[in-house]
Amino acid sequence: MSRVIRVGGAQMGPLQKSDSREAAVSRMIKLLDQAHEEGCNLVAFPELTLTTFFPRWDMDDQDEVDRYFEEEMPNAATQPLFDRAKEYGIAFTFGYAEIARENGTRHHYNTSILVDEAGNIVGKYRKTHLPGHADFDPDRAFQHLEKKYFEVGNTGFRVWRFMDGIFGMCICNDRRWPETYRVMGLQGVEMVLLGFNTPSSNSQRQSERGDLRTFHNDISVQAGAYQNGTWVVSIAKAGVEDGHELMGGSAIVHPSGEIVAKSKTLDDELIVADCDLDECTFFKETIFDFDRHRRPEHYGLITQQTGVVRPD
Ligand code: ING
């Protein structure tokens with residue numbers, strides 16, 4: 001028996017500060033049209049798909065910041081995307097900056113949602129690992145103020161039974177932390193859907209080679225897939241946004257850790273792969289049969305402490 005899903009990774013090219021939500025959604029719909037033509041059942045869009053990567057700017061006016069956030073989802077700008085996906089019967093994920101009202105207060109999250117083929121939001125994830133810094137840093141070539149604009153997500157790494165499988169989500173920097181995949185792996189995840197916006201250069205080490213950043217991107221998602229016997233779909237927003245380049249490298253990764261599809265450009269680009277969820281089983285039942293092989297009694301430090309404690 002096989003459980004094949006034709007997955008479309010909808011990499012987005014750059015969004016400029018001046019680009020409207022409607023312009024972003026129009027490009028997303030074109031990628032959805034292409035995915036439909038290619039027979040995709042599920043399409044993954046990047047992190048912060050509706051706007052430019054605004055944490056590169058230092059803003060103190062909350063109204064200016066909030067202009068990059070969505071107060072409702074779907075909303076007028078994104079409804080056409082939901083409508084077209086429902087018309088096609090395609091499930092999809094995408095990331096956006098979310099203002100959530102909880103207990104009468106407004107919270108700001110870096111969020112992604114999972115939408116089923118009928119257009120219902122069946123899952124929501126809020127980014128856990130916020131990279132960068134909370135205050136303007138003059139020593140950086142450019143800013144990365146995610147800790148200023150977003151709160152740490154309050155969803156944790158959940159999974160959902162969906163499309164005859166078990167699906168999870170994470171966002172960008174989350175993909176660099178093994179805990180992300182393991183928490184989902186311990187829930188039986190068979191496909192992790194994630195988007196990213198990653199600067200092509202290191203704001204703290206301008207000498208860092210571009211191919212090294214690509215290497216770090218690839219090993220993060222390949223290791224996560226292999227070590228948890230899961231597919232990983234990792235999709236970029238890429239290209240030059242107001243003079244700042246974001247890397248590409250969107251990829252669909254097999255539970256073996258092999259990349260089966262990868263983007264070639266820094267623009268709107270659809271990558272497609274037939275992903276058989278049954279391919280996870282061998283890895284989950286042999287090398288990474290957690291129940292047989294894991295020894296949690298020796299892993300305590302992972303949850304007992306945050307930073308490094310060195311021996312005297
Ligand atoms: N972006 C980057 C990412 O984790 C980063 C930040 C880049 C951190 C390179 C460390 C090294 O891919 C986001 N949005 O998390």
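For the numbers below, each heavy atom of this structure counts, side chains included, while hydrogens, waters and symmetry mates do not. Indexing begins at 1, ligand by ligand and atom by atom, following the structure's order.
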Trainee: Testing Ile252, Leu193, Val253, Val189 one by one against Trp231 for a side-chain contact (heavy atoms from CB on, under 4.5 Å), which residue passes?
Mentor: Ile252
Trainee: Report each N/O pair between ligand 1 and the protein that falls under 3.5 Å, naming both atoms.
Mentor:
from     : atom 1 : to     : atom 2 : distance (Å)
ligand 1 : 1 (N)  : Asn197 : O      : 3.0
ligand 1 : 4 (O)  : Asn173 : ND2    : 2.7
ligand 1 : 4 (O)  : Arg176 : NE     : 2.9
ligand 1 : 12 (O) : Arg175 : NH1    : 3.0
ligand 1 : 12 (O) : Arg175 : NH2    : 3.3
ligand 1 : 12 (O) : Arg176 : NE     : 3.4
ligand 1 : 12 (O) : Arg176 : NH2    : 2.9
ligand 1 : 12 (O) : Thr198 : OG1    : 2.6
ligand 1 : 14 (N) : Glu47  : OE1    : 3.3
ligand 1 : 14 (N) : Lys127 : NZ     : 3.4
ligand 1 : 14 (N) : Glu146 : OE2    : 2.8
ligand 1 : 14 (N) : Asn197 : O      : 3.1
ligand 1 : 15 (O) : Lys127 : NZ     : 3.1
ligand 1 : 15 (O) : Glu146 : OE2    : 3.4
ligand 1 : 15 (O) : Asn173 : N      : 3.3

Trainee: Does the side chain of Val65 reach to within under 4.5 Å of the side chain of Tyr68, using non-hydrogen atoms?
Mentor: no
Trainee: Is the Lys NZ or Arg CZ of Arg294 less than 6.0 Å from the centre of Tyr299's six-membered ring, within 45° of the axis?
Mentor: no
Trainee: Do Asn154 and Tyr109 meet the criterion of a side-chain donor-acceptor pair at a distance under 3.5 Å?
Mentor: yes
Trainee: Could you verify whether a donor N or O on one side chain and an acceptor N or O on the other, from Gln143 and Asp58, lie under 3.5 Å apart?
Mentor: no
Trainee: Just checking, any donor-acceptor pair under 3.5 angstrom between side chains of His108 and Asp66?
Mentor: yes
